[in-house]
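I have placed the structure first, in the form of structure tokens, so that the comments after it can refer back to it.
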Amino acid sequence: MSRIKAVDILAGGFVVLIGVLAIVESTSFDMGTSRRIGPGYFPFYVGMLMVLLGIAIAVENLWARTSSDFGWSLPPMRSPLLILAAVAAFAVMIERFGMFPSIFAAVFLGSLADTNTAIWQKLAISVAVPVVCVVIFKYGLSLNVDVIRWRP
Amino acid sequence: MKDLLTTTRRQLLSLVGAAAMTAAVSAPALAQTGDYPNRPITFICAFPAGSGADTLVRYFANAIQEATGHTIIVDNKPGAAGTISAEYVARSDPDGYTVYVHSGFSTAVNYSLWNNPAIDPRTDLRGVAGINEQPFFIVVGVDSTIQSIEELNAYLLAEGENATYGTSATSGRLLAAQYLSELGATPTEVPYRTGIEMVPDVVNLAVDFAVTDPVTAMVQAREGRLRVLATGSGSRMDIAPDVPSLTEYGMTVDQVGVWAAWVPAGTPDDVVATLAEMFGTVMQEQETQDFLRTMGGVPWIATPEEVDQRMRENVEQGAFLVDLAQLPRN
Amino acid sequence: MSDFASNLALGFSVAFSWQAMWYCFVGVSLGTFIGVLPGIGALAAIALLLPLTFGMEPAHALIMLAGIYYGSNYGGSTASILLNLPGTPSSAVTCIEGYPMSQQGRAGVALFMTAIASFIGSICGMLIMAIFSPPIAALAFSFSAPEFFSLMVLGMVAASTLASGSPLKGLAMIGLGLILGMVGRDLYSGLLRFSYGVDQLYEGLPLVAVALGIFGLPEVIKNAGQITGRTVEARSISFASMWPTRDDWRRSWGAMFRGTGLGSFFGALPGTGGLLASFMSYATERRVAKDPSRFGKGAIEGIAGPEAANNAAVQTAFIPTLTLGIPGDIVMAIMLGALTIHGIQPGVSVINNHPDLFWGLLVSFLLGNFLLLILNIPLIGLWVRILAIPYWVLYPFIIAFICIGVYSVSNSVVDLYVLMFFGVLGIVMNILRFEPAPLVLGLILGPMLEENLRRSLTLYRGSYTVFLTRPISALFIGIAVLILAWTIYGMFRARARRRAALAAGEE
């Protein structure tokens, strides 16, 4: 119960923040007239709604009268960073080097997120996945992507 | 010449093929010397796979492949109303292996829709061959009391801002803007994403009139839901010979979308000539002409020079119309 | 009625020719397998295979394409249930209950019920299409901007109760979805909003990247390195283990029929289609359940209802497409394109001029759905075995499939950065306990909501009363208000109970 409270306040703040962003963006656009509302109208009111919702979410459980333990920690960062790096590697490489190298790199980076496997397992899977992908997507579905190319 | 080519042909069709899906084995993407083409040619389509425009691009890819035996691949690069694909083609190697099959009018108009256009289609692209000309149409619901363009004119002038009209696509907005400016009327615009999305509101008479693409106009008119009052082209088009043009009513309106093929500006003359010949062969076929008519256009057989000339005119016209319609530049 | 019988006979003669049956089979089986791959949904599948149909008879081409369409819908639920990877927005709903069931080792049951619900939804949808095609087609014309606006409002209000936690958080996620839906070019003014200088967002956020980002990536991140084995032993996969219990059946029957009704209705409305139907069906099941607290933790009726709804909608979506030439969604638009290539212009005349095509297609749905059932029940065992693969082998495949799936939609690297962005957002949402499903709904309905609001105000002279003076619109608004009132009442009642319990504890 106590943890939920800290999370709710953060969650409310998050929603308020998005609402404020929307309102800020809406100010650079015209609000229009009642018959022809402009591009700023909808973002402004949705933004206002978000601010109100955010406040409501934050205070919703304040009345529950539980201890004010704000204990809250970030989850471990290794796995998120490596998996995101995997996607980034694919994004950077796919149009330069083609399907095989980009998937190899992505999978190898991704496999580092698992600390329980040996290096030979990581390398084996990094070769196996691109092979399977090339078979399915290139030869199976004739996806229009080169297997290997060189345009750095 | 064909026999010298060693590229594998794409094994299309055959239903066993569908199950196993034997695919094109693309040759290495290295520039090779020798006769053009000696590896697959890629057609760039600015719309998502499966869209109406994609259908047209794939028709030509397929027809040219069948007629010449060269492998043609279609690559969809949708985004930013064709800006992404136009830039991609303009920046490709000028070797004739990357061909842009798209609407020249919208490429030209895009040049005026951005503060810093990625390319200048007049100098960064080189025309290869014409494909078709497509006008937009002015329509009303079939239950509307308005029977002709004269009655519409009178109605709009009388009603002022109370009158409403639907538009779809940038081409629709531009045609509407020029028509209304010539007429001097100021009805209120209601934009829609596609012509088809607009149909129920036109049929229900929720909007007084609409400007829509040829496919929607022709199909829905045939189904007895819409009445086509006028075409935006300078003269009557042979897909709809009964529909008058606005010029017949003394208005200076001549807007025709053109589809054509382009390559990057630096492509050598002989490569352009070879490509133009491929398109020319297919354009002569009756089947192609019938297909282009069902897509709502009139076949446009044009030389590379004519395509370039049309692009220059379209860029100029586009700039004028974008200002007239007061569309913003992003 | 004798017309109907002779039409049906014609349909059977077309659909049960050897060739047609073969194309139908190829279509549904390709659809199933492609649908299972995350991100490669019906759209990509049909687009990839469209060129193959150029040389075929129009009826056969349509039968095969339709087979791919509903086949991939079938397959799409599989990845959602097993791996929390929704390939299409409407299977995002299936994730809510399907993935928890899978984690409890009941993946087989969930997949089995999906197959049954999809079958029932499809068959009923098909029958409705056969009998009520003309009146349903007319429905499309009685809907104008105010009706669509009110319908979207109703859908969103109903969907806010999807979140297993607070309805306020559900509403906030819909709001976030609405804001994200504004990214890109504004239809009215032509201006770019919320694009922050990224021109590639001109046409809005790529849906597949968003859905796989907020559902798929956080799941992979959470599990990588944490799980060595999975919940299922390969040995334990028997027919018995996938057979739903009596309790499961009891809960699911009603859900399936309610879902079918909703799906048939929404499918016939152009533009909303299966997505709204799935969300509405899920919300309905939560409303009618005796014990709503089971939801979010693997309640089977939360799969059965939406799956039936989605599949019924898939069938009835053919009505506006074929009879009015107004496609309900992008996939239907592609089908229209396929017809055009064969020189057939869609419209009411399709039924009159090409009765073989219309009725043949209809009967092929019947055949196709039987084939799907026969194909899928044995496959469940295979799919469940995916979970028996060690996770260190499985998750690299998932990463690769997600990347390729997202990239292949429009060959755009920017879409991959969008995927990463939403992966991060998904993690943040996980930590803050927000549910992703309402966001997806808001994102898709957002542009339609805004456009129909603006359209209504322009067409009806700037007056908000139009939403209450038009009867169909007023009905939707009325239902939305009732749901909202009920939800607020429920929140206060829950708080009162909690206080009472707290007070009792202090004494």
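Letters A, B, ... mirror the listed sequences (proteins, then strands); counts begin at 1. Please read all numbers here as calculations on a predicted model, not as lab measurements.
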Is a side-chain N or O of C/Y395 found less than 3.5 angstrom from the main chain of A/G110, in a donor-acceptor match?
yes

Tell me if the aromatic rings of C/F401 and A/F137 count as close, with their centers under 6.0 Å from one another.
yes

Proximal component of A/A88, with respect to chain C [non-hydrogen, under 4.5 Å]:
both

Less than 4.5 Å apart, any side-chain heavy atom of C/L449 and any of A/F42?
yes

Could you tell me which non-hydrogen atom of A/P39 sits nearest to which non-hydrogen atom of C/R454, and how far apart they are?
N-NH2, 3.4 Å

Of all heavy-atom pairs linking C/L416 and A/V87, the shortest is O-CG1, 3.9 Å

Any side-chain heavy atom of A/F29 within less than 4.5 Å of one from C/S189?
no

Looking only at A/S111, A/A106, A/A22, A/P43, the option with the highest number of non-hydrogen pairs under 4.5 Å against chain C is A/P43

Which bit of A/L82 comes within less than 4.5 Å of chain C, counting heavy atoms only: side chain, backbone, both or neither?
neither

Using heavy-atom distances under 4.5 Å, tell me whether A/L49 contacts chain C through its side chain, its backbone, both, or neither.
neither

In terms of heavy-atom proximity below 4.5 Å to chain C, should A/V15 be classed as side chain, backbone, both, or neither?
side chain

Gap between atom CG of C/L171 and atom CG of A/L52 - 0.5 Å precision
12.0 Å

Rounded at 0.5 Å granularity, tell me how far CG in A/N116 sits from CH2 in C/W392.
11.5 Å

Atom group of A/L84 that falls short of 4.5 Å from chain C, counting heavy atoms
both

C/Y391 OH to A/D114 CG distance, which is reported to the nearest 0.5 Å:
10.0 Å

Please flag which part of C/I399 lies under 4.5 Å from any non-hydrogen atom of chain A: side chain, backbone, both or neither.
side chain

Region of C/L176 that comes under 4.5 Å of a non-hydrogen atom in chain A:
both

Rounded to the nearest 0.5 Å, how far does OG of A/S102 lie from CD1 of C/I404?
7.5 Å

Side-chain touch A/V46/C/E450, heavy atoms, less than 4.5 angstrom:
no

Contact part of A/V132 toward chain C, heavy-atom cut-off under 4.5 Å: side chain, backbone, both or neither?
side chain

Measure the OG-CE distance between C/S408 and A/M99 for me, rounded to the nearest 0.5 Å.
9.0 Å

Can you name the nearest heavy-atom pair linking A/S79 to C/I221, along with the distance?
OG-O, 2.6 Å

Which one of C/A400, C/G423, C/P396 has the most heavy-atom pairs closer than 4.5 Å to chain A?
C/P396

Side chain from CB out, backbone as N, CA, C, O: work out which of these in C/Y407 comes under 4.5 Å of a heavy atom of chain A, or both, or neither.
side chain

A/F108 versus chain C, the contacting section by heavy-atom distance below 4.5 Å
neither

In sequence, state the C-alpha distance, the side-chain angles, and the governing distance for A/D8 and C/R433, and then conclude on salt bridge (Lys or Arg N to Asp or Glu O under 4.0 Å).
CA-CA 8 Å; A/D8 278 342; C/R433 284 172 224 169; over 6 Å; no

Relative to chain A, which segment of C/Y196 carries a heavy atom at a distance below 4.5 Å: side chain, backbone, both, or neither?
side chain

With only heavy atoms counted, which part of C/L191 is less than 4.5 Å from chain A, the side chain, the backbone, both or neither?
side chain

Side chain from CB out, backbone as N, CA, C, O: work out which of these in C/M420 comes under 4.5 Å of a heavy atom of chain A, or both, or neither.
both

Mutual orientation of the aromatic rings belonging to C/F434 and A/F14 [parallel < 30°, tilted 30-60°, perpendicular > 60°]:
tilted

Kindly compute the distance separating CD1 (C/I427) from CD1 (A/I83), expressed to the nearest 0.5 Å.
9.0 Å

Below 4.5 Å, heavy-atom pairs only: which of C/V413, C/T458, C/V428, C/L217 has the largest tally toward chain A?
C/T458

Do you know the tightest heavy-atom contact between C/Y188 and A/R36?
CD2-NH2, 4.3 Å

